[in-house]
Amino acid sequence: RIKPDVCGPGDPVLSVRASGSAGLASCQNKWSSGTATATASVAGIAALLRQYLVEGWHAKYSSQGFEYSNYNSTHPSAALVKALLIASAIPLTYGYSSSGERITLSSLEYPLGTTQVDYHQGFGHVRTSNVFPLDAKFETFLYESRLGEFSVWETKFVVQSSSTEVEAVLVWSDAPGATYCGRD
């Protein structure tokens, strides 16, 4: 397994700042960096992806994709949302030094930001425009199926043109572990 699955904007992001006192409201902001910032951004994107499916926007902006899709549009699974996040990702090839200078990640002593999946950015930086066809330039087909132990799922896709780009993402949710499993 590759972890992280994807990465999000984490340096620098203008964020809210608490007053530090209980009950005291504050409208201040600050520049924030790190995994806490990136995690909140990707979680927000995941919520928007789910909302896009639940509110019927998939049918509106990808009518053919929706027509041939097979998923629970009122309760999309976590695995389906994760698949959309992964499908949206693009390799992150640049970053910023501690002084704010833009750097090419592949030029570092330990190269990061390759076009392959890696252990630093997973499948890349989340970009919703790669799965939300709001400009109607592509279709998004979604398939969801539950499999039992030792079961098989097969399907057939027909692509009309050799110039059609096809991307497939396979994601699953593991069964929950036993309570107190692995504790001494």
Side-chain angles (χ1 to χ4, degrees), residues 1-18 29-96 105 112-147 153 155 157 165-177 181:
R1 295 186 184 201
I2 300 292
K3 293 295 177 188
D5 297 307
V6 293
C7 62
D11 190 35
V13 174
L14 188 60
S15 184
V16 296
R17 182 170 132 195
N29 55 44
K30 67 176 182 171
W31 289 100
S32 232
S33 299
T35 55
T37 303
T39 300
S41 297
V42 173
I45 292 167
L48 289 173
L49 286 168
R50 186 178 188 288
Q51 181 178 3
Y52 175 85
L53 299 174
V54 170
E55 291 184 358
W57 297 106
H58 183 208
K60 179 177 180 177
Y61 288 104
S62 180
S63 58
Q64 186 178 10
F66 180 77
E67 181 182 346
Y68 291 100
S69 290
N70 180 21
Y71 68 96
N72 184 339
S73 60
T74 57
H75 298 292
S77 69
L80 184 64
V81 173
K82 180 179 175 180
L84 285 167
L85 287 170
I86 290 171
S88 79
I90 60 168
L92 189 60
T93 57
Y94 67 91
Y96 296 93
L105 296 177
L112 304 174
T114 65
T115 56
Q116 305 298 317
V117 175
D118 67 44
Y119 292 102
H120 300 281
Q121 63 172 304
F123 289 90
H125 187 269
V126 174
R127 180 164 290 171
T128 56
S129 61
N130 289 344
V131 291
F132 285 166
L134 301 179
D135 57 7
K137 290 185 179 178
F138 62 92
E139 295 287 336
T140 301
F141 298 86
L142 303 172
Y143 298 90
E144 183 172 58
S145 181
R146 291 191 182 272
L147 298 176
W153 179 73
T155 193
F157 299 96
E165 186 177 325
V166 176
E167 181 176 331
V169 177
L170 173 66
V171 177
W172 63 91
S173 295
D174 291 332
C181 183

Tell me, do [X] and [Y] make a side-chain contact under 4.5 Å, heavy atoms counted?
X	Y	result
S88	T128	no
I86	V171	yes
P76	V54	yes
S73	L53	no
V169	L84	no
I90	V126	no
L142	L80	yes
H125	P9	yes

Any chance you could measure R146, atom CZ, to S77, atom OG, to the nearest 0.5 Å?
-> 7.0 Å

Atom CZ of F138 and atom CD of E167: how far apart are they, to the nearest 0.5 Å?
-> 10.0 Å

Can you tell which of S62, S63, S69 makes a side chain to side chain donor-acceptor pair (under 3.5 Å) with E139?
-> S62

Should we count OH of Y143 as having more than 12 external heavy atoms under 6.0 Å?
-> yes

More than 12 heavy atoms of other residues, nucleotides or ligands under 6.0 Å from CZ of R50: is that the case?
-> yes

May I ask you to check whether F132 and Y52 place their ring centers less than 6.0 Å from one another?
-> yes

Which atom of [X] lies closest to which atom of [Y], heavy atoms considered:
X	Y	value
A46	L85	CB-CD1, 4.1 Å
A87	N130	O-CB, 4.4 Å
L147	W153	CD2-CB, 3.6 Å

Check step by step if side-chain hydrogen bond (donor to acceptor under 3.5 Å, both in side chains) holds for N72 and T74.
-> CA-CA 6 Å; N72 184 339; T74 57; 2.8 Å; yes

Ignoring hydrogens and angles, tell me if any N or O in the side chain of E144 forms a donor-acceptor pair with the backbone of N70 under 3.5 Å.
-> no

Would you check if the side chain of H58 reaches a backbone N or O of F141 as a donor-acceptor pair within less than 3.5 Å?
-> no

